[in-house]
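See structure below.
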There are 2 protein chains.
Amino acid sequence: MALKSDLSLDIDKISSDTMADVVEMRLRDYFKKKSFKPGDALPKEQELAEALGVSRNVLREALSRLRMLGMIETKKKRGMILSSPDVLGGFQRVLDPLIISPDALQDLFELRLILEMGLADVLFLNLNDKSIRELEIIANSEKKKNKEAFRIANEIAFHGKLYEMAGNDTLKRFQHMLLPVFGFVLQVENEFLSGSVSHQDLVEILKSGNKNDFRNGMYEHLKPHFDRLEALRKIN
Amino acid sequence: MALKSDLSLDIDKISSDTMADVVEMRLRDYFKKKSFKPGDALPKEQELAEALGVSRNVLREALSRLRMLGMIETKKKRGMILSSPDVLGGFQRVLDPLIISPDALQDLFELRLILEMGLADVLFLNLNDKSIRELEIIANSEKKKNKEAFRIANEIAFHGKLYEMAGNDTLKRFQHMLLPVFGFVLQVENEFLSGSVSHQDLVEILKSGNKNDFRNGMYEHLKPHFDRLEALRKIN
DNA sequence: TCAAATGTTTTTGTACTACATAAAAACGAG
DNA sequence: CTCGTTTTTATGTAGTACAAAAACATTTGA
């Protein structure tokens, strides 16, 4: 053990990172160190490649990553500029229910429940009659049709509208990205039950109730999901 | 208007996407279409490049992106395999308070408040004496030191422990990534006030209260932030 | 005959060169 | 001075070459 430990002190662990990985990190550090701000021009590819001691090829692989995330933009002759990335861009690209792990899927499902339960306070900050009426229209349109596909679309519309009413674009987009996950988990569970509180009940609460009423109503609305969650936790 | 519309029908809009962008999408579609699952082997680079009609260079720029997101892994001779990406990996890379837009920063700040408020239900699903004791130790250690740096570290430790107690790894990591944002916004606002409910009060509620007590307590604890939020909303 | 050592093949990783393209900049004609 | 043209320059793409590593095949020695 002592020998092994000595050895690991003497010999650096070989990093299995590729050059592109290293360059990506180095570029990040460089931007931070130089405190570049969005809009600032960056050195050209050849200069960067030479400074880093790598081929333009490798450098471009790293730049391609940053470009995908929206951290940099490039114009043909003008060169590259640092830019404000879309915070959810990288998330969106990965959010395919078929490839992410079941554990992560479950976590995201829970995350949505948590978001909905926490929405009340911010929602009530922004509340106005117009949006409540719009929400009511969505809630009332449920009864008319009975088809499963419509019910799901309506479910999405209702909850989506709630997020929209919270007035937080990032949150709304986040929720929208999470929809496939939510749908997928529900589909797997073969379950699309609604609790004892309906969408219309929630609208009424928004009209005349307070935050706590809404939270309690939302909990009851989501109760089947929480019950399932509780059962799952008990098993593990 | 009619003419313009006709024209846009006749002429395809020029896409400013680079080949790497296109190839990235095409690969995504390909994986989905073939319903590859994590672990499945992918064709080798040359075959893909030829099939797509691009140079290996361009293909590798696209692959580099997918590799960054953890969607694929490569071994030297064995080739590439599809893998389960880390859902938060892409998010993490972009989460630098200095480069993301102020609007997004504000959105994320709100998101954290929403998460904390929504945490109660899942938290109570997992509650046990051991974790409450651990949380209490953190809360009690506040009084001893008075330094600002320690207070901040303690604040982080307490809320981090709450997330941990919720038993959702993805959520916990998400919160941990959001910390710099939270810290940054607070720093900009030059404000680190606590509401009328302290960490120790929250611990007491966990011991003997119910979910609603905890939610109300958490709201009071975070009240200064909500007040600021309300003021901001009124301005805009 | 079996196993260890060695060689071969295959596929990714990296480098380099070359050229196309687009856009800014410089230049020139009126 | 302004409009149009040419030049320059940086990125985008293609292609070739080779290094490195790992699986596979082969040889050698007991």
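Numbers restart at 1 for each chain; the letters A, B, ... are given by sequence-line order, proteins then strands.
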Provide a list of protein-nucleic acid N or O atom pairs under 3.5 angstrom, restricted to nucleotides 16-22 of chain C.
{"from": "C:dC16", "atom 1": "N4", "to": "A:Asn57", "atom 2": "ND2", "distance (Å)": "2.9"}

In whole Å, I'd like the distance from the CD1 atom of A:Ile72 to the P atom of D:dA10.
16 Å
Taken to the nearest whole Å, CG/A:Leu63 to C1'/C:dT14 is 16 Å
Taking all non-hydrogen atoms of both residues, which atom of B:Arg65 and which atom of A:Ser64 are closest, and how far apart?
NE-OG, 2.6 Å
Rounded to 10°, tell me the angle between the two end axes of the helix from C:dT1-D:dA30 to C:dG30-D:dC1, each built from five pairs.
20°
State, yes or no, whether a side-chain contact exists between A:Arg28 and A:Met71 at a heavy-atom distance under 4.5 Å.
yes
Any A:Leu66 side-chain heavy atom under 4.5 Å of A:Phe31 side chain:
yes
Locate the shortest heavy-atom distance separating A:Leu171 from B:Ile114; write the atom from each residue and the value.
CD2-CD1, 3.6 Å
Nearest-Å distance for atom pair NZ/P, residues B:Lys44 and D:dA21
20 Å
For atom CG of B:Leu52 and atom P of D:dT13, their distance in whole Å
13 Å
Figure out the CG/C1' separation between A:Asp17 and C:dT14, and round it to whole Å.
15 Å
For the atom pair CD1 (A:Ile81) and NZ (A:Lys37), what is the distance rounded to the nearest 0.5 Å?
14.5 Å
Under the ring-ring contact (aromatic ring centres under 6.0 Å, His included) test, which residues partner B:Phe158, sequence neighbours left out?
B:His199
Closest of D:dT11, C:dG13, D:dG12 to the B:Glu45 side chain is C:dG13
From the set C:dA15, C:dT11, D:dG12, return the single nucleotide nearest to any side-chain atom of A:Thr74.
D:dG12
Can you tell me how far C1' of C:dT14 sits from CG of A:Leu59, to the nearest Å?
13 Å
Under 6.0 Å between the ring centres of B:His225 and B:Phe109?
yes
To the nearest angstrom, the CG-C1' distance between A:Asp21 and C:dT14 comes to 14 Å
Grab the two heavy atoms, one from A:Ser84 and one from B:Ile99, that are nearest each other, plus how far apart they are.
OG-O, 2.7 Å
For A:Arg67 and D:dG12, is the shortest distance between a side-chain N/O and OP1 or OP2 below 4.0 Å?
yes
Of A:Lys75 and A:Met19, whose closest DNA chain C nucleotide lies nearer the 5' terminus?
A:Met19
Rounded to the Å, how far apart are A:Met80 CE and D:dT9 P?
18 Å
Phosphate contact (C:dT14 OP1 or OP2) by A:Thr18 side-chain N/O below 4.0 Å
yes
Quick check for you: among C:dT11, D:dT13, D:dA10, whose closest atom lies nearest to any side-chain atom of B:Val58?
D:dT13
Looking at the rings of B:Phe174 and B:Tyr163, which for Trp means the six-membered one, are their centres under 6.0 Å apart?
no
